[in-house]
Amino acid sequence: MAKERVITLIEQALQRAKEAGELPIAQLPEVSVEPPRVKEFGDFATNVAMLLTRELKRPPREIAETIVKYLPEDRLVSRVEVAGNGFINFTLHPHWLHDVLREIQQKGESYGKWEIGQGKRVNVEFVSANPNGPITVAHGRGGAIGDVLANLLEAVGYRVTREFYVNDATNSLQMQHFARSLVVRYRQLLGEDIELPEDGYAGEYLVDIARELLEREGTHLAEGEEEAVTERFRAYAEQAMKRQQQQDLADFGVVFDVWFSENSLHTSGQVEDAIRELKERGYAYEHDGAVWLRSTAFGDDKDRVLVRNNGQPTYIAADAAYHKNKFERGFDHLIDIWGPDHHGYIARTKAAVAALGYPVENFEVLIYQIVRLFKGGDLVRMSKRAGNVVTLRDVLDEVGKDAARFFFLMRSHDSPLDFDLELAKKESSENPVYYVQYAHARICSMLRVAAEQGWTVPSASEADLSPLQHENEIALMKKLDEFPEEVLEAATERAPHRLTRYSMEVADAFHKFYDTCRVVGEEEHVTRARLVLVDATRIVLKNVLGLLGVSAPERM
RNA sequence: GCGCCCGUAGCUCAAUGGACAGAGCAUCAGACUUCGGAUCUGAGGGUUGGGGGUUCGAGUCCCUCCGGGCGCGCCA
């Protein structure tokens, strides 16, 4: 890549200047090269001179000029300038952009990929909705972020496992309430005049499950001793919910490799093992009849209960065992993606990981901020128990998978997201996702028309690309050149939302090009060069939409 | 009270510590005999919540104040 080449040139200049005694510095700074915002400043710029001002106690401009003096000749560089503030601006010969097109055409689907992950294994755990209700629109945000982050990590060379933690512990109060609510719904269907308990679940979906249960298992399920009945309904409801969650997520384009059962940690003794190990390591102790995690030893505000005085382990005990289990399965790095109501749990979970002797720097928690739901401008308060949740299914039915995913990823994860269902539906034809998809469909259409007239996309390595001179052509090629960098940045910064923005920028650059540069019908060498550019744009759009899990339609 | 996140154009949001803070929507004014008008061109819009500090350079980092959201259980 051209950028790496410029970096190398600067490093060589620094080295030579240092050896010549003109830059008396202890060690060479890390050279950063970026495309300037203003195109008049050239193709690439470096701020390296400014970084040295303190050590050298000389004005940045002077340092920059010294560096330029020692810059080696290179056939790629056509002009080097020092700006008043000390930036060094590089203008390259136009053919550097032709290399970009060649690279895109040659790499195709793998354009934008990296190998920095070196095949290390990463576990990304996300959504992890409790099995007592459908996937909600809030879970959808976590689903989109987690899935695309996983795509990005794969793209930069990690081996990624997508994991869903099922909170199916049979002793959990929530699941008990949930099961009892289902029993009531079932009995109501049998004609009994009874009401939901006060802390029951009012959602209609429970009626559906009850009906399904009635049809498949008959009318005698609620007979017998209460505890056994509750357990029977709990087990059934949980399975039914899980199936529904899997289906909803699959329709959202999110497929998990592992659905990890919390209950399995309890039944297999892994929770006990973790607690014992914590005790052995001196990070768990008994007090007031309970077992406590000494999480304050790792920066938590207070110690946390691992085992209640009734002998039941808490959520954090299972979580300690769970993260231990993940490391034992051989993952080099763990990423948990949690909703905003869980940020208070980061400190204690990290404490548990550290207390068990695992490298806490390899365990990362990503918190996304709330999804505020609006209906026609009115804020909707959602409550699973009250039964007024807006589900991911609702959103999928209204706006479709592509728009939903794109919408969820248009904002940074740590910024709140307002989701107005009516607005999303009403504006669906103006949704930015269509702008990007349209660009792709338009390209495919152009290539079809070209094919009808006997054109094929020439090989970039053989075609003469010098006709690509228009400012919109150059802007488009530069934008395509940014893609690999953008992928790397989005992956390492855990910022999948950068991709939506980038995809819009590519679409924008393409539409501007389309408006000013005709492809079919120009002189042959112009048409051939532009076909290469158009096809390269198609590849990049397809790749970026692929990472987003959004379809790249050939027709719309 | 403590912790996390946020405060940028009328609205919703971008911006590895870099040059003149950018998009979309909305508003207004324009552009099609030709490859898809779900498009393009242009205009108006800003003391980046206030005040200090660090730095050659701050929307970005630090301190402080103001405002908003969320969380602080032997629930999950």
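Here is how names work: the chains are called A, B, and so on, in the same order as the sequence lines, proteins then strands, and each is numbered from 1.
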Side chain of [X] only, heavy atoms from C-beta on: which candidate in [options] is closest?
X	options	value
Y434(A)	A38(B), G69(B), U16(B)	A38(B)
E34(A)	G71(B), C40(B), U16(B)	U16(B)
A290(A)	U55(B), A14(B), C74(B)	C74(B)
R37(A)	C70(B), A14(B), A19(B)	A19(B)
V449(A)	G71(B), C75(B), C35(B)	C35(B)
Y514(A)	C74(B), C35(B), G71(B)	C35(B)
Y438(A)	G36(B), C35(B), G18(B)	G36(B)
R555(A)	A19(B), C13(B), G36(B)	G36(B)
M446(A)	C75(B), C5(B), C35(B)	C35(B)
Q369(A)	C5(B), A19(B), C74(B)	C5(B)

Is the phosphate of [N], meaning OP1 or OP2, less than 4.0 Å from a side-chain N or O of [X]?
X	N	value
K512(A)	U41(B)	yes
R498(A)	A15(B)	no
Y435(A)	C40(B)	yes
H497(A)	A15(B)	yes

(message) For G344(A) and R448(A), find the nucleotide of RNA chain B closest to each by heavy atoms; which residue's nucleotide sits nearer the 5' end?
(response) R448(A)

(request) Tell me which of N47(A) and F513(A) sits closer to the 5' end of RNA chain B, going by the nucleotide each one is nearest to. (result) N47(A)

Nearest-Å distance for atom pair [atom1]/[atom2], residues [X] and [N]:
X	N	atom1	atom2	value
L51(A)	U16(B)	CG	P	17 Å
R501(A)	A21(B)	CZ	C1'	13 Å
I443(A)	U39(B)	CD1	C1'	13 Å
F510(A)	C35(B)	CZ	P	13 Å
L52(A)	G57(B)	CG	C1'	15 Å
D43(A)	A19(B)	CG	P	18 Å
E505(A)	C40(B)	CD	P	14 Å
K302(A)	C72(B)	NZ	C1'	6 Å

Over all strands shown, is [X] touching base, sugar-phosphate only, or nothing at heavy-atom distances under 4.0 angstrom?
X	answer
A439(A)	nothing
N89(A)	base
D288(A)	base
S415(A)	sugar-phosphate

(message) Quick check on E4(A): does its CD atom have over 12 non-hydrogen neighbours (other residues, nucleotides or ligands) under 6.0 Å away?
(response) yes

(request) Check whether more than 12 heavy atoms from other residues, nucleotides or ligands sit under 6.0 Å from atom OH of Y283(A), and answer yes or no. (result) no

(request) Give a yes-or-no answer on whether the side chains of T66(A) and R58(A) include a donor-acceptor pair shorter than 3.5 Å. (result) yes

(message) If only side-chain N and O atoms count, and only distance matters, is there a donor-acceptor pair under 3.5 Å linking D336(A) with H342(A)?
(response) no

(message) Using the six-membered base ring of A19(B), report whether F41(A) stacks on it, requiring centroids under 5.5 Å and planes under 30° apart.
(response) yes

Has the side chain of [X] got a donor or acceptor that lies under 3.5 Å from a partner of the other kind on the base of [N]?
X	N	result
D414(A)	C6(B)	no
R518(A)	U34(B)	yes
S32(A)	U16(B)	yes
H343(A)	G3(B)	yes

(message) Nearest 0.5 Å, please: how far is CZ in F483(A) from OH in Y502(A)?
(response) 6.5 Å

(request) Take atom P in G53(B) and the same atom in A58(B), then report the distance between them in whole Å. (result) 12 Å

[X] and [Y] aromatic centres sub-6.0 Å:
X	Y	value
F87(A)	F41(A)	no
Y438(A)	H511(A)	yes
H177(A)	Y201(A)	no

